[in-house]
Amino acid sequence: MPSLTAPPSLLPLYLKAAATGPLHRGGDSLPDSVYTLSDQRIDPAHLAAFQQVCGYRTSDVLPPTYLHILAFPLSVALMTEREFPFPMVGMVHVANSITLARAVRSAEQVSFTVRAADLRPHPAGRQFDLLAEATVDGEVVWTSRSTYLRRGKSTEKKDDAKRAELEPQQGAVSVLRVPGDIGRRYGGVSGDRNPIHLHNLTAKAFGFPSAIAHGMWLKARTLAALEGRLPDAYTAEVAFKLPVLLPATLSVSAAQQDDGWSLDVRGAKSGKPHLAGSVTVPAAPTSTPKDKAAATKKAPAKRAPRKKTA
Amino acid sequence: MNTRRAAIVGGNRIPFARSNGPYAHASNQDMLTATLDGLVARFGLQNERLGEVAAGAVLKHSRDFNLTRESVLGSRLSAETPAYDVQQACGTGLETTILVANKIELGQIESGVAAGVDTTSDAPIAVNEDLRAVLLEANRAKSVGARLKALAKIRPQQLVPSIPVNSEPRTGMSMGEHQAITTIEWGITREAQDELAAASHQHLAAAYDRGFLDDLITPYLGLSRDQNLRADSSVEKLGKLSPAFGKAFGDEATMTAGNSTPLTDGAAAVLLASDEWAAQHKLPVLAYFVDAETAAVDYVHGDRKEDGLLMAPVYAMPRLLQRNKLSFDDFDFIEIHEAFAGTVLATLNAWEDDDFCRRRLGLDGALGSVDRAKLNVNGSSLAAGHPFAATGGRIVASLAKMLHDNGGGRGLISICAAGGQGVVAILEA
Amino acid sequence: MSDRYLNLVNSPLGSAVASRVGLPQPAKLRRYAGGDPLLPGPALLGATGGKPAAALRKLLTGAGAEVVDTLGEGERVAAAVLDARSVAAPADLGALRDFLAPAVKGLQANGRVLVLGRLPDGKSVTADATRQALDGIVRSLAKELRRGATANLLWVENEASLGAALRFFLSGKSAYVDGQPVVLGAGTAPDPTDWDQPLAGKTALVTGAARGIGAAIAGVLARDGAKVIAADLTQAGETLAKVANRLGGSALHLDVAAADAPPRLLDHLAAHTDGLDILIHNAGITRDKLMANMKPEQWDSVLAVNLESQLRINDALLGSDQLNPQARVVCLSSTTGLSGNRGQTNYGATKAGVIGLVRSSAAAFAKHGASTINAIAPGFIDTEMTAKMPLATREVARRLSSLQQAGLPIDVAEATAWLASPGAGGVNGQVLRVCGQNLVGA
């Protein structure tokens, strides 16, 4: 099992991925390698840069997706293993779920393990999970499950029902203006310099009309909008829908639910879905009594029917 | 604790100008100083050391860190008058009144000025965020080499300045876009909005004509009436305008430039004092400040309809009325700031909504209806314009005068503010 | 508005040229500045029919004058004061010549000739003819005097107001009052405790105070110690505030022609003052048109602002408890009201009307705690209004007076402040011209 004390350098891995792409021949099993990276110190300047790009305030508390980018080189190393069934280039990140057990602070030294699991069919091909775990002194503080899709033949039928018209976004919505260079900015802090995110030209080379935003940036930005409202422990689970073509104006809905929040990001004009998910807060036995305002909170939002007068 | 009453002695404002109009070259400090000087002239306060001047602006240059104090130093007031800046968006002018009144009531000061000013013409423009980062890094560099290295990071695109946008930082939507949602959610019609707007213009024009504003205004830079005022405004004329906000809602969009306040430049100030100070200075008292309440709503994550950006006064009002054991019927005049006609109408609708008032305001039923004959009887922001921080002072001074002219009575003020906030207050004479 | 011609002929080269080619040579007038002595030199005192009265000498020395009784060869005086109250027959007038001929020769630049007389009283034709002759002497002498010197006549019926009158006419405050008679009658005219602050403790209201003559009046009243309420239209509020702030007064937005102006004024006085002591009706407008082209609105607006407002406000004040005893009202008239002016039938109506108002209401004001009401008729005064006149017209108009120059707003203000002072209590129902003895309407 590869056991590292410093994160692997990404550039050689990318070159390796590009060069060895064709050698990954599919196959029906994932390698059972477990990558570990021990006792990482947090660089405050890097953390601040990440927080800024993702819309978090500067703080010593690590955003949940920050731990994701620290673990990311391990994932790349795993996916560029010779035994890995798919070439890394061309894989689509379709979902990510992070569970934060408690707040992790920048003074702590964090260790990571990453492994692949659960290769299974997807309507558009096959999918698998990359499971990452962060520990501090042996205590699991953070786990992440990223689901990747390898397009191809599928054994599962497409569910046409999913194509049905979407419900309107819930609750109050915000408008998020995403600048054209967000891919380069996030690539700079995350190390994920996939060419589809960096520039319109490089994105076009891979068949996109323009550069697209990183899914994990969008997740981070959406969670950052809930700043100050999330507890220390929660699960944030999102599915990435259509890619966000840059620059973009998005409509973000984060509506409060009984057990947390629902997340729903769409194109502000197009209405096309980009991200959907939820934040689930575990029922905390020691939670403080809610304040009066919250106690008198109304029933789930009623929506006035939207009439279209033709 | 013993408290006493805070008297409203009077006010002064400059006529409000449309953005990039007559005041295009006037800074916040210029306008605030002129407004203070007009107040000094009206009440003979030359070289008077007041307890304090509290004022603020919503759009402020970094150089104006001490805007109010600098304005006092440039005015005819004694240079020994202390001052401080306050910012609560469009609630600033009323909030400064509350602050000064509270200090007078506690006996901490004898007199004070509450004011507000805003310019959208002379708005601050910031350097590009990236350029700012580079410049700050260069500034932190300890050696010439390090400084040059930092400065070498400047890129041409960073030289594009960053112009302030009139949008809520957390939602990315302008006030108008927010209100467009609220307007639709509360089912406010285009006709109702245009009627309110036309009434505002007609009322303000009539107030000017009968000299009501003579001792509330001091002309500035050649302007002696609010520039936005259209005495001949009518529902028919307003009905011809196309929607300006909420265009995404297609045919449902009802908010036009006519039933929304335009960007405006201006300033307003109110003179408050203890009864003793007013008597010593032979200044008559127009009205007294009674009480105030501030509320805020979660417009970011709350309910689309009930937690609209400008709905906070809806929540503040029952708390204020209950504390003072009063209902709408106990008031002679009710001033609801017309950020948009839709804001006023949605606010009125909410107070009349039995279900809403039970669920969200914790009441036994609807808070009540506001008698339209008491509402904004001398016009409001739709006609006068709305230089954000100046609106509170405009309303306080004019309501105090109405109560005085009425020979007594009670008046209610409701002002919505950016950030989902609302300030409401009671005056009486 | 600076008088370039005046400045030019007072330069060495300009003066030489003007004197050779016979151009008018207006002098730089001696105007009062704070702290100035009453006179820059001695005052020659004389009397017809005997020695000057001791009381008169005392008033002069009390006012700070150095009094001399004779004028030696080559000596010069700043003023010549002749008490001619004793003249009763034409032969007595020779004494005036005896006194004035050498006095005029020895008069300094900006000198003052002041003749005291007694009004004809209808008891004796000879005496009345002789007394009236003083008026002709003074008016003619005023036209002869050069270098800014003036001559004026005081009809002294009662000496109560004489001290304040002497102080006004001998000082630089009367610089542009020339060839004018004033009646000093009976009245209450107490001396102020401080002659530098004769209006201390008084509340004054000046209409039309935002600019020009009104602003100057407000300034002088404030200088003399009054608490000034500067009133003007709301539209003039920006400059009005500056005026009020400069002189430490307060600004009041008031349209004197508005129907509710009198009650609003009374309300303001009741709320903000302990009653009004001084009212200066200065607000006025012009809407010049030849009668053939005069529109009703041009006619009506001038009448409303310049005359009707004064009538209504005076009535309201007299009928209220807001006008203090020994109040002083000064109404701004104009030489147009005395002599007429082309294109100003409406304006002339109001300015003549004001004179009628003052004369007719003097008794009512006297009854109101010995109050007074007088009018000031300014001649050609350099203001923003005259600055708009065509150059040639303005230049000619400026030279048409004995002082060969236009007056300044301050000249009108000083005269107003004197009439507004407690010491002028014996002056009532009169019209004082501040015109440099303008040829028009004399």
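Only this structure's heavy atoms are used, side chains among them; waters, hydrogens and symmetry mates stay out. The chains referred to below are lettered A, B, ... by the order of the sequence lines, with proteins before strands, and numbering in each begins at 1.
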With rounding to the nearest 0.5 Å, note down the distance linking CZ in A:Arg229 to CG in B:Asp298. 4.0 Å
Separation between OG (A:Ser253) and NE2 (B:His301), nearest 0.5 Å, reads 9.5 Å
Report which part of B:Tyr299 has an atom under 4.5 Å of a heavy atom belonging to chain A: side chain, backbone, both, or neither. backbone
Check each atom of A:Val173 against the heavy atoms of chain B and say whether the ones under 4.5 Å are side chain, backbone, both or neither. both
Taking 4.5 Å as the heavy-atom cut-off, does anything in residues 216-226 of chain A contact chain B, and if so which residues? A:Ala225, A:Leu226
Using a 4.5 Å heavy-atom cutoff, which residues in residues 231-245 of chain A come close to chain B? none
Closest approach of A:Ala172 to B:Val300 (non-hydrogen atoms, all atoms of both residues): CB-O, 3.4 Å
Beyond-backbone contact of B:Arg170 with A:Glu227, side-chain heavy atoms, under 4.5 angstrom: yes
Please say whether more than 12 non-hydrogen atoms of neighbouring residues, nucleotides or ligands are located less than 6.0 Å from CD in B:Gln87. yes
